Amino acid sequence: MGEAASARPRQRLVVVGNGMAGMRTVEELLKLDASVYDITVFGAEPHGNYNRILLSPLLAGEKRLDDIMLHPHAWYAANGITLHAGDPIVAIDRTRRIVISRSGRKAAYDRLLLATGSRPFVIPVPGADLPGVVAFRAIEDVEAMLTAARTRRKAVVIGGGLLGLEAAHGLKRRGMDVTVVHVMDRLMERQLDAPAAALLREALERRGIRVLLKADTAAILGRDRVAGLRFKDGREIEADLVVMAVGIRPNVELARQAGLYCERAIVVDDTLQTLSDPRIYAVGECVQHRKATFGLVAPIWEQARVCAAHLAGYGHRRFVQTATATQLKVSGIDVFSAGEFGGGDGTEDLVFRDARRGTYKRLVLKDGCLVGAVLYGDVGDGAWYFELMRRRADVSRLRSRLVFGRAFCADAP
């Protein structure tokens, strides 16, 4: 097989996007068969591939830039991969099967992998383009925030989700006065119920981070630079730095221009192949599969495995969406959520709260099964609860002990 493989002419794989999803796919492909393709990668940023999840500790000073690098430039050279960093693709010619970069470089492909990720959503309000308004998505955003922290005093973070709270924590660690403003009535409403969110708010405020809820931004104030925010109810607050952390949008402009079928994102089948062109695959946050888009690592890693198998010619794998759990660390506070934690008809809640230790658990049961969980402060049993949910295990006989955790349910099914 080795001689046959070496006799085959190598095909050309071009990867558009040098982020975690695309490079994980390349890693998986190299494990399966490093001889199939000559690989060329185009990335918008000047760096190698880095762990975007660790931008928050980089901002807080808990990590250095080298600590978050997954694939430095030397890795590409060592694996025979051509990297064009800081030179994003701006056009795809599907007829001639070439891509064209911003600098005018052209590269031909036999297979094309789109891993263009997502863009931070910027609230369309007056002043959103003022100097001093930044997103929190890339190393350059962290650098902009660190520069502001050295010379400015008041930071406002728009967005009370995970990313916004991590930005607030990092800026507070850098010595800024920080306010988080959130349009909803509680923080992290997609992951936490009201009691857990209230505990989180209290913990953040004890750390000196101000939280304003039901605060709908109407305008960012300032002439030559950001100076404050005005809310729709007329309130105003001062700001030297504004961080937008209100969500992401799949980056699909390049795919649309190339005539690929897109809805909210690039629509792919179970093999991660685009519907419009069998030579083009897509993975990561730019992908839509069976109406769903993706932002968590676990499903994207599975996409990478499936896509790599098909690129390598092992066409037996299919991408199947599965339930996911969210375990997060927000400013040093552990939170976990999974399933239908909001409850609803036919459900019952099991709740445990230890105010002194700052822990909270809420388990949601339905028809004898665990269907949802929210844990705050103590998340050690999160994986076990999630496994019970995934298996649809009957926990009826454990009802009186379930909320106390696995140690009290040694005879769990």
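As the structure is a prediction and not an experimental result, all values here were calculated from the model.
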Open item on the list: Please evaluate residues Arg225 and Asp240 with respect to the criterion salt bridge (charged side-chain N to carboxylate O under 4.0 Å, His left out), reporting the C-alpha separation (whole Å), side-chain torsions for both, the decisive distance (0.1 Å), and the verdict.
Closed with: CA-CA 8 Å; Arg225 182 181 171 85; Asp240 303 313; over 6 Å; no
- [ ] Any chance you could lay out the side-chain contact (heavy atoms from CB on, under 4.5 Å) test for Gln303 and Val268, step after step, and finish with the verdict?
- [x] CA-CA 11 Å; Gln303 289 176 14; Val268 296; over 6 Å; no
TODO: Using the side-chain contact (heavy atoms from CB on, under 4.5 Å) rule, take Arg94 and Ile280 through it: C-alpha gap first, then chi angles, then the decisive distance, then the call.
DONE: CA-CA 9 Å; Arg94 290 168 51 201; Ile280 302 179; 4.0 Å; yes
TODO: For Asp381 and Arg406, run salt bridge (charged side-chain N to carboxylate O under 4.0 Å, His left out): C-alpha distance rounded to whole Å, both residues' side-chain angles, the deciding distance at 0.1 Å, then the answer.
DONE: CA-CA 6 Å; Asp381 288 312; Arg406 187 172 192 171; over 6 Å; no
Task: Residues Tyr76, Asn49; criterion side-chain contact (heavy atoms from CB on, under 4.5 Å); working and verdict - done: CA-CA 10 Å; Tyr76 299 83; Asn49 174 35; 3.4 Å; yes
TODO: Tell me, with the steps shown, if Arg24 and Glu28 meet salt bridge (charged side-chain N to carboxylate O under 4.0 Å, His left out).
DONE: CA-CA 6 Å; Arg24 182 64 173 234; Glu28 296 287 344; 3.5 Å; yes
TODO: For His169 and Leu165, run side-chain contact (heavy atoms from CB on, under 4.5 Å): C-alpha distance rounded to whole Å, both residues' side-chain angles, the deciding distance at 0.1 Å, then the answer.
DONE: CA-CA 6 Å; His169 169 67; Leu165 299 184; over 6 Å; no
Open item on the list: Could you walk me through whether Arg12 and Asp110 satisfy the salt bridge (charged side-chain N to carboxylate O under 4.0 Å, His left out) test, starting with their C-alpha distance in whole Å, then the side-chain angles of each, then the deciding distance to 0.1 Å, before giving a yes or no?
Closed with: CA-CA 5 Å; Arg12 298 162 297 182; Asp110 298 298; 3.2 Å; yes
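The side chain to side chain contact (heavy atoms under 4.5 Å, CB included) with Tyr360 is formed by just one residue from the set Asp378, Val351, Leu375; it is Val351. Glu263 pairs in a salt bridge (charged side-chain N to carboxylate O under 4.0 Å, His left out) with only one of the listed residues (Arg290, Lys291, Arg256), which is Lys291. The residue from Val15, Ile92, Leu13, Thr40 that alone fulfils the side chain to side chain contact (heavy atoms under 4.5 Å, CB included) condition with Tyr109 is Ile92. Remark: of the listed residues Leu55, Leu65, Leu70, Leu55 is the sole one forming a side chain to side chain contact (heavy atoms under 4.5 Å, CB included) with Tyr50. Of the candidates Glu45, Glu166, Glu285, Arg52 forms a salt bridge (charged side-chain N to carboxylate O under 4.0 Å, His left out) with just one, namely Glu45.
Across Arg362 and Gly342, no two heavy atoms sit closer than the pair NH2-O, 3.8 Å. Minimum interatomic distance between Thr25 and Ala308 (heavy atoms only, all atoms of both residues): O-CB, 3.6 Å. Minimum heavy-atom separation, Ala265 to Cys286: CB-O, 3.2 Å.
Here the straight-line distance linking atom CD1 of Ile158 with atom CD1 of Ile123 works out to 4.5 Å at 0.5 Å rounding. Separating the CZ atom in Arg186 from the CG atom in Asp193 is a distance of 6.5 Å, to the nearest 0.5 Å. In this structure, Arg318 CZ and His310 NE2 are separated by 4.5 Å, a value rounded to the nearest 0.5 Å. In this structure, CG in Leu350 is found 11.0 Å from CG in Leu398, a value given to the nearest 0.5 Å. Rounding to the nearest 0.5 Å places CG of Leu58 at 8.5 Å from CD of Glu143. To the nearest 0.5 Å, atom NZ of residue Lys172 and atom CZ of residue Arg210 are 12.0 Å apart.
Thr116 places a side-chain N or O within 3.5 Å of a backbone atom of Asn251 that can act as its donor or acceptor partner. Put simply, the side chain of Arg174 never gets that close to the backbone of Gly170: no donor and acceptor are under 3.5 Å apart. The closest donor-acceptor contact from the side chain of Arg201 to the backbone of Val211 lies under 3.5 Å. Panel note: side chain Arg10, backbone Tyr37; a donor-acceptor pair is recorded below 3.5 Å.
Leu296 has its side chain out of reach of Ile300: every pair of non-hydrogen atoms, C-beta onward, lies at least 4.5 Å apart. Taking 4.5 Å as the limit, every side-chain heavy atom of Lys154 sits out of range of all side-chain heavy atoms of Ile237. Within the 4.5 Å cutoff, side-chain heavy atoms of Leu365 are placed close to those of Leu402. A 4.5 Å side-chain heavy-atom check between Ile81 and Trp75 finds at least one atom pair inside the cut-off. Inter-residue side-chain proximity for Tyr281 and Thr271 is flagged as met; some heavy-atom pair is nearer than 4.5 Å. You'll find the side chain of Val320 stays beyond 4.5 Å of the side chain of Asp270, heavy atoms only. Side chains of Leu187 and Leu213 form a contact here, defined as non-hydrogen atoms less than 4.5 Å apart. In this structure the side chain of Tyr385 reaches within 4.5 angstrom of the side chain of Lys361, judged on heavy atoms.
Using a 4.0 Å cut-off between charged side-chain N and carboxylate O, Glu340 and Lys366 make no salt bridge.
The closest side-chain donor-acceptor pair between Thr322 and Arg390, if any, does not fall under 3.5 angstrom.
Classified by interplanar angle (parallel below 30°, tilted 30° to 60°, perpendicular above 60°), the ring pair His316/Tyr314 is perpendicular. Using the six-membered ring where Trp is involved, His84 and Phe42 have ring planes that are tilted, between 30° and 60° apart.
Counting non-hydrogen atoms of neighbouring residues, nucleotides and ligands closer than 6.0 angstrom, the CD atom of Glu205 exceeds 12 such neighbours. Summarising the local packing, CZ of Arg230 is surrounded by 12 or fewer heavy atoms from other residues, nucleotides or ligands at distances under 6.0 Å. For Glu236, the CD atom counts as densely surrounded, since its 6.0 Å shell holds more than 12 non-hydrogen atoms of other residues, nucleotides or ligands. With a 6.0 Å radius and a threshold of 12 heavy atoms from other residues, nucleotides or ligands, Arg392 has its CZ atom at or below the threshold.
Close placement of the His289 and Phe319 rings is indicated, their centers lying within 6.0 Å of each other.
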